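First up is the structure itself, then whatever we jot down about it.
Being a predicted model, the structure only gives us computed values, none of them experimental.
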Amino acid sequence: MKLSEFKLIELLAKKLPTLPPEVTVGIGDDTAVIKKDEGYLLLTSDALVEGSHFLKEWKEKLNNFYYYLGRKLLSISLSDIASMGGIPEYAIVNIGLSEKTETEEMEELYEGLADCCREFSVTVVGGDTVSSKTEFFDVTLTGKCKNFMLRSEAKPGELVAVTGTFGDSRAGLEILKGKGKEDNYLLERFLNPIPRVKEGVEARNLGVKCGTDVSDGLVFNLYTIANSSNVSIHIEGEKIPISRELLNFVGNSEIALNYALFGGEDYELIITLPENLQDKVESLGFKVIGEVKEGTGVFLDGERLPEKGYDHFKT
Ligand SMILES: Nc1ncnc2c1ncn2[C@@H]1O[C@H](COP(=O)(O)OP(=O)(O)O)[C@@H](O)[C@H]1O
Ligand SMILES: Cc1ncc(C[n+]2csc(CCOP(=O)(O)OP(=O)(O)O)c2C)c(N)n1
Ligand SMILES: [Mg+2]
């Protein structure tokens with residue numbers, strides 16, 4: 001594919017018929033938003049594909065690898081519902097199995113999926129099972145909300161805040177690829193991201209209007225807010241949350257910051273909020289990392305950052 005992931009989606013979206021009036025948000029945010037009764041239906045889909053998101057050989061390194069894959073499969077869509085401030089409800093699961101797939105692996109995948117369903121009160125209501133050259137797993141998830149957060153609602157003068165720490169997942173991926181020293185915390189952060197559903201709902205309940213989650217990298221997802229809100233975002237390097245484990249893994253704070261900014265698969269939330277909500281969102285566990293201003297772009301300590309992140313057709 002010659003185009004970037006996002007240019008391609010833009011091109012394909014133009015082919016589709018115009019939206020009916022009940023579709024409040026179509027392609028372009030973390031979930032679709034569809035007006036329903038007194039509130040909204042949220043709808044999202046994400047896939048995990050052998051070769052792109054995981055390697056089958058990782059099974060040899062971890063005896064419960066497919067359990068974690070089952071959890072992550074649901075968690076990545078839960079993170080999209082979380083970023084809208086929604087409550088997850090129903091899931092459809094499509095699985096593509098190769099000649100190498102074993103029954104026990106799929107049982108393990110479904111045990112992970114089931115545990116995650118129990119933890120977040122999600123009900124699997126169907127799916128599809130097909131053969132494929134390489135394995136793939138795909139979840140479509142619905143959610144509900146009375147009000148939602150969007151990428152396009154950031155306003156100049158607001159603060160930018162995030163949950164959790166950044167860059168750990170990329171380090172976990174490197175460990176699985178055989179680079180660097182083993183670290184269970186970092187591995188866990190890659191294999192078992194915890195979607196911030198509670199934080200998303202609570203932020204929205206406080207009146208926060210802008211949110212997204214971080215799958216392609218902190219900077220890239222800050223750009224999705226900046227671009228769709230027509231604002232600039234200014235963050236401070238020393239405020240970016242970085243774990244002790246990541247610092248130990250990479251050895252110095254400059255490289256750790258690079259992992260945090262561009263790593264990807266963090267599945268943490270970014271929100272923007274008016275200053276008067278700062279204490280309240282901090283008590284939910286969010287940390288302020290910067291501010292929203294007029295203009296365009298994302299800046300770190302005054303310097304414009306490149307709009308780069310994970311792109312399926314570039315990496
Ligand atoms: N093949 C596709 N057809 C229609 N919409 C798509 C397609 N792929 C992605 N999208 C939409 O494009 C937007 C961006 O996708 P993506 O970056 O995958 O979102 P996210 O990081 O929240 O999963 C989303 O609204 C998503 O639903
Ligand atoms: C084998 C392998 N190589 C690279 C990665 C890293 N990686 C794959 S997808 C991705 C970004 C997020 O995934 P995507 O499918 O784009 O999620 P979405 O933005 O749609 O939520 C990253 C960092 C990986 N997990 N596994
Ligand atoms: Mg997606």
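In the model, Glu294 has no side-chain atom that pairs as donor or acceptor with a side-chain atom of Asn230 under 3.5 Å. Side chains of Arg151 and Thr212: a donor-acceptor N/O pair is present below 3.5 angstrom, by distance only. At a cut-off of 3.5 Å, with distance as the only test, no side-chain donor of Ser169 or Asp266 sits close to an acceptor on the other residue. Thr163 and Glu199 are not linked by any side-chain donor-acceptor pair at a separation below 3.5 angstrom, with hydrogens and angles left out of the test. Using modelled atom types, one finds no donor on one side chain facing an acceptor on the other under 3.5 Å when comparing Tyr259 with Asp168.
Here Glu268 pairs with Arg189 in a salt bridge; the nearest charged N to carboxylate O distance falls below 4.0 Å. A salt bridge links Lys59 and Glu105; the closest N-O separation between the charged side-chain nitrogens and carboxylate oxygens is under 4.0 Å.
Judged by distance alone, with hydrogens and angles left aside, the side-chain atoms of Glu5 form a donor-acceptor pair with the main-chain N or O of His312 at under 3.5 Å. Under the 3.5 Å distance criterion, the side-chain polar atoms of Asn252 are matched with a main-chain donor or acceptor of Glu254. Of the possible polar contacts, one joining the Ser243 side chain to the Leu246 backbone as a donor-acceptor pair under 3.5 Å is found. Proximity of a side-chain donor or acceptor of Ser229 to a complementary backbone N or O of Val231 within less than 3.5 Å is not detected. Judged by distance alone, with hydrogens and angles left aside, the side-chain atoms of Thr224 form a donor-acceptor pair with the main-chain N or O of Asn221 at under 3.5 Å. Put simply, the side chain of Glu153 never gets that close to the backbone of Cys210: no donor and acceptor are under 3.5 Å apart. With Asp37 contributing its side chain and Gly39 its backbone, the two residues share no donor-acceptor pair below 3.5 Å.
For Tyr90, the OH atom sits in a loose shell: 12 or fewer heavy atoms of surrounding residues, nucleotides or ligands are nearer than 6.0 Å. Heavy-atom contacts from other residues, nucleotides or ligands closer than 6.0 Å to NZ of Lys61 number more than 12. The environment of NZ in Lys56 is crowded: more than 12 heavy-atom neighbours from other residues, nucleotides or ligands sit within 6.0 Å. Counting heavy-atom neighbours within 6.0 Å of Gln278 CD, excluding the residue itself, gives a total above 12. Around NZ of Lys35, the count of heavy atoms belonging to other residues, nucleotides or ligands within 6.0 Å exceeds 12.
Residues Leu62 and Leu191 are in side-chain contact: their nearest non-hydrogen atoms beyond the backbone lie under 4.5 Å apart. Considering only heavy atoms from C-beta on, Leu74 comes within 4.5 Å of Cys117 through its side chain. Inter-residue side-chain proximity for Pro88 and Val197 is flagged as met; some heavy-atom pair is nearer than 4.5 Å. Taking 4.5 Å as the limit, some side-chain heavy atom of Met84 sits within range of a side-chain heavy atom of Val33. Counting heavy atoms from C-beta on, the side chains of Val292 and Val160 come closer than 4.5 Å. Looking at Asp138 and Asp46, their side chains never come closer than 4.5 Å, going by heavy atoms from C-beta outward.
Nearest heavy atom pair, residue Leu300 against residue Leu305, reads CB-CD1, 3.6 Å. Minimum heavy-atom separation, Glu291 to Lys293: OE2-CE, 3.5 Å. The nearest pair of heavy atoms linking Val201 to Gly86 is CG2-O, 3.4 Å. The two residues Leu187 and Gly172 have their closest heavy-atom pair at CD2-O, 3.9 Å. The two residues Gly211 and Asp30 make their nearest non-hydrogen contact at O-OD2, 3.9 Å. The two residues Asp216 and Phe6 make their nearest non-hydrogen contact at OD2-CZ, 3.7 Å.
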Review point. Can you check side chain to side chain contact (heavy atoms under 4.5 Å, CB included) on Leu97 and Val130, steps first, answer last?
Key: CA-CA 6 Å; Leu97 312 182; Val130 297; over 6 Å; no
**Study point:** Verdict with reasoning, Val93 to Phe137, per side chain to side chain contact (heavy atoms under 4.5 Å, CB included)
**Key:** CA-CA 7 Å; Val93 184; Phe137 309 106; over 6 Å; no
Practice item. Check the pair Glu282, Asp279 against side chain to side chain contact (heavy atoms under 4.5 Å, CB included), reporting the backbone distance first and the verdict last. Key: CA-CA 5 Å; Glu282 282 176 347; Asp279 291 348; 4.2 Å; yes
Check your understanding: How far apart are the C-alpha atoms of Glu202 and Lys280, what are their side-chain angles, what is the distance that settles it, and do they pass the salt bridge (charged side-chain N to carboxylate O under 4.0 Å, His left out) test?
Key -> CA-CA 10 Å; Glu202 287 176 342; Lys280 286 183 178 148; over 6 Å; no
Exercise for review: Please test Lys177 against Glu174 for side chain to side chain contact (heavy atoms under 4.5 Å, CB included), starting from the C-alpha separation and ending with a verdict.
Suggested key: CA-CA 5 Å; Lys177 286 182 165 174; Glu174 291 190 356; 5.5 Å; no
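Leu42 and Ile34 are not part of a single hydrophobic cluster, where members link through side-chain heavy atoms under 4.5 Å apart. In terms of hydrophobic clustering, with Ile, Leu, Val, Met, Phe, Trp and Tyr side chains grouped at heavy-atom distances under 4.5 Å, Leu186 and Leu247 are assigned to a common cluster. Note: the hydrophobic cluster containing Val49 does not contain Leu55 (ILVMFWY, side chain heavy atoms under 4.5 Å, direct or indirect links). In the hydrophobic cluster analysis, where Ile, Leu, Val, Met, Phe, Trp and Tyr join through side-chain heavy atoms closer than 4.5 angstrom, Ile9 is grouped apart from Met1. Phe220 and Ile225 fall into different hydrophobic clusters, where Ile, Leu, Val, Met, Phe, Trp and Tyr residues are linked whenever their side-chain heavy atoms come under 4.5 Å apart, directly or through other members.
Shown here are the ring-ring contact (aromatic ring centres under 6.0 Å, His included) partners of Phe299, two or more places apart in sequence or in another chain: His234. Residues that satisfy the salt bridge (charged side-chain N to carboxylate O under 4.0 Å, His left out) test with Glu119, not counting sequence neighbours, are Arg71.
The aromatic rings of Tyr66 and Phe54 sit perpendicular to each other, their planes meeting at more than 60°, with 30° as the lower class boundary.
A cation-pi arrangement is present between Lys72 and Phe190 under the rule of less than 6.0 angstrom and at most 45 degrees off the ring axis.
Taking the six-membered ring wherever Trp is involved, the centroid distance between the rings of Tyr40 and Phe148 falls below 6.0 Å.
Grouped by direct or indirect side-chain proximity (heavy atoms under 4.5 Å, Ile/Leu/Val/Met/Phe/Trp/Tyr only), Leu159 sits with Met149, Leu206, Val208, Leu269, Ile271, Leu273, Leu277, Val281, Leu284, Phe286, Val288.
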